[in-house]
Every structure is written in C-alpha cells, then in structure tokens.
Colleague: 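Structure incoming, see below.
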Amino acid sequence: MAESYLEWMLKVLKEAVELGGFPEEVYKYLSKPDRILIVKIPVRMDDGRLEIFEGYRVQHNNALGPYKGGIRFHPEVTLETDMALALGMTLKNSLAGIPYGGGKGAVRVDPKKLSKRELEQLSRGYARAIAPLIGDQIDIPAPDVNTNPQIMAWMVDEYSKLKGYNVPGVFTAKPPELWGNPVRIYSTGFGAVVAAKEAAERWLGGFEGKTIAIHGFGNAGQYAALWATKWGAKVVAISDTSGSVYDPEGIDVELAMKVKNETRKVINYPKGQKFPGDSDVPLYVDADILIPAAIENVITAENVDKVKAKLIVEAANGPTTPDAEKKLYERKDFVAVVPDILANAGGVIMSYLEWVENLQWYFWDEEETRNKLAAIMKRNFHRTADRWEKLKSEKDFIVTMRDAAFVLAVERVYTAMKLRGWL
Ligand code: NAD
C-alpha cells in the first residue's frame, strides 16, 4: 500500500531530526499532536432534512505561539490527513520565523453541493463547535482548500457573537472590508517571487531579464507572474487545465490575467504559441526559473530529464517528487529547488501581519504591509540558503535546500521547547 500523507510527513520529520543532529525525543514529541477535537455540525438543509457533518481541529504544537493553520472543506478529508497537515503547519510557521505553532481544521463535506445558506450554516456551526478551544491567543484558523474570506467573515462573526464583543484576530484572511488586508489576495504569488528574486540575485547574477515559466495560472500563478514582470523578469510560458501559451518575447501578464478571469481559460490569450490540451509546456521550455503553481507531483522521475530550468521555486504544494528532486540536484548546471515550505509561505506570513493589525486595531496601508511581507520572506530565504550552504559543505552526500529548510524548522521549535523545559 502506498504510504499515507501522515507517514510521509513523519518520515520527513525523522530525517530532519537526524540530519540536524537533534535528540530523538524531538521526533517522539512532534510525531503526535497536542490535542484533537472531533465535532459534529448539524445543519438544517434547504429541503428540510437534518444533515450531520463531521469536523476536526487538530492542535499540533504551540511552543512558539498560538496554534495556526487553515480549515479545509472537502469530501475526502480524514482525521489522519488533518494530523499530517497540522504537523506541516508547525514546521512551516517555524521556518517562517513567525510566533505561531501549528494546527489544522477540516470538515468532511462537498461544498459544491451546498446552497449559500447551507454553506453559511455549516461555517457558523463549525465555528461554534470549535469555539471552546480557539481564540486570538490560543488557536487562529484561516482558509484552506474550498474555504475563503467570506467563510472567515461568517466564522469571525459567529465567534464574536458568542463572546459578546468583536474578536477580529481569531480568524485570518478575512475580507479587506472586515478587518482583513488587501495584500492577502496576492500574498502567496508575491511571496514566491520574492523568494525567486532573492535566489536569482544570490545564484544567477540577478533577477532582471531572467526568463520565467509558470505552471498553473490560478491565484498563486497569476500573482507570481504579475510581480515577476513588475520586477523586470520575463514570463515566457503559462498554463492551466485548458493548455499552455509560450512566447519567448514575453507574455503580457495583465492581459493574460484578464483573459483567464473573463473566459476561465489561458488558451484564449490572443498572442504567442498555443498548445491546447497540453498543460505541461511551461515545465519543459527554455527558461531560467520554473514556478510550479498548480498541483502536486508534476515534476516526477519520469519527466524530470526534460526540465531545463536551473532554479525551481515551488509556489504549489509538493510539485516535485523526492526522486525527481534527487535527479535535479545531480544535474551539473542545476542550482536549487526552493521548497514549498519556504517559497509559498507568503499567505501564512500575511495572516500573521493581519493578526498583528487586528490585535492592535491599527491597520497599515497596502504598501507598508507588502514591504513587511517582503522583508520576512527575504530574511527566511537567506537564512535557509545560508544553512543549506553550510550543511552542504559538511556532508558528503546530496543535501537539498528542502532538507535545510526542515532542519531549520525543527531547530526553532526544538529550541523553544527546550527553553520552556518541555524536553
Ligand atoms: P487555484 O485553484 O487558484 O489555481 C490553480 C491553477 O492551476 C488553475 O489555473 C488550474 O487551471 C491550474 N491547474 C490545475 N491542474 C493543472 C495541471 N495539471 N496543469 C496545469 N495547470 C493546472 O489554486 P491556487 O490557490 O493558486 O493554488 C495553487 C497551488 O499553490 C496549490 O498547490 C496550493 O496548495 C498552493 N498554495 C496556494 C496558496 C494560496 O494562498 N493560494 C498558499 C499556499 C500554497
């Protein structure tokens, strides 16, 4: 049987503990969450039926600060996946250098089958069910797959009603009009490009004029493309499920975004070479930097030999399989895979900034927020790159940048736990 996501996460944790030379107790401690809440959410459906949904909130570790992580609405979620995701959040938040532990929530539901009223009732019901265990100093959820700012607005309203006063900082990624921040919509793509820019300046002699291919043109991909162009790079290939567009002269990203958002298909972009039905062209074109921004497992042992980019910056979660990654690092001209845990942390870092605003009831303007986000991403990138270079010089086997990121992530949680006397 294929290994589960939880088994895979535990393996990653174990390897990081070993590579970093941390005591085995760190693995023992972090392999189990602090607390698991299983809730039932009764919803009166539009046709009069009573439906009972099951939900979870896993609080993994709070050594560094309140538990933090998204809420997923999906028909296939399980408690085990939620536990793996919560562990992942502890490590991601640790690497991000923000004062958060890790948590994750989920409701087993296919939200596409719900009316707007049913979705609101479910969201409010879930917020009520987990209310005893969350709080702006305790556990701070946010959106994940199939949840969004409107759902956060319903949840923050429900929680505030229970408390009897407004508690804006208990959920993040709220609409900008309700205690949210306008940077949030582009924070992941923007953050990935900050990482790409820093990597190119550190290892490729600069970012301006570099060619970029982007696989996936949704939220993360579009804003990565937009900020890459604003900072002087040239986006030469983009794709979505409708196919790919390639233009070595450079794609007009704003026009591509307009076309994608109006017609839902990148392939309707009016210029360049088109490849209808072939979504993978950006993976293989001649470009300095490849940004996978669609789904997991797109660069595999089977196709990795066709990848020409020297630098891969993972905006998507898990786009490069471990076998493929190994092969990339064996290639002489290959520089690095900037791993997802580092490259796509812009969203959670933005959540942190929003929470800080909420706690103070004081809001920065868009540019100030963006600069703060960029500074944190930049610091994290170089901290990881420094550690990677050090580890590489010490070991006689291939150490990836991902390995270095996990070592740093474990180190920060471990240090906090040790200082607190937990280990
Ligand atoms: P999205 O749904 O907005 O966009 C996904 C895009 O990928 C769509 O354009 C879709 O057509 C395209 N796509 C799907 N399958 C494809 C394929 N096989 N080939 C080419 N294109 C394909 O999603 P998103 O929010 O942009 O997320 C994309 C990735 O980034 C996911 O892995 C997600 O987990 C990760 N991520 C996103 C955020 C965020 O804040 N949006 C944060 C962290 C990580």
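None of the values given here were measured: they were computed from a predicted structure. Counting starts at 1 for both ligands and their atoms, in listed order.
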Colleague: State whether the side chain of E354 and the backbone N or O of A173 hold a donor-acceptor pair below 3.5 Å, judged by distance alone.
Modeller: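 Pair found, side chain donor or acceptor close to backbone of A173.
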Colleague: By ring-ring contact (aromatic ring centres under 6.0 Å, His included), which residues pair with F207, not counting sequence neighbours?
Modeller: none
Colleague: What residues, two or more places apart in sequence or in another chain, satisfy salt bridge (charged side-chain N to carboxylate O under 4.0 Å, His left out) together with D403?
Modeller: none
Colleague: Are side-chain N/O atoms of T172 and R184 paired as donor and acceptor at under 3.5 Å?
Modeller: no
Colleague: Let me know which protein residues bring a heavy atom to under 4.0 Å of ligand 1; chain then number is fine for ordering.
Modeller: T188, H215, G216, F217, G218, N219, A220, S239, D240, T241, K260, S279, A293, A294, I295, A315, A316, N317, N344
Colleague: With a 3.5 Å cut-off and sequence neighbours excluded, list the donor-acceptor pairs that the side chains of residues 274-285 form with protein atoms.
Modeller:
| from | atom 1 | to | atom 2 | distance (Å) |
| --- | --- | --- | --- | --- |
| K274 | NZ | I267 | O | 3.3 |
| K274 | NZ | Y269 | O | 2.8 |
| D278 | OD1 | D280 | N | 3.0 |
| S279 | OG | D240 | O | 3.0 |
| D280 | OD1 | H215 | NE2 | 3.0 |
| Y284 | OH | N303 | ND2 | 3.1 |

Colleague: Given the ring of W388, does K390 sit roughly above its face, with NZ or CZ under 6.0 Å from the centre of the six-membered ring and within 45° of the axis?
Modeller: no
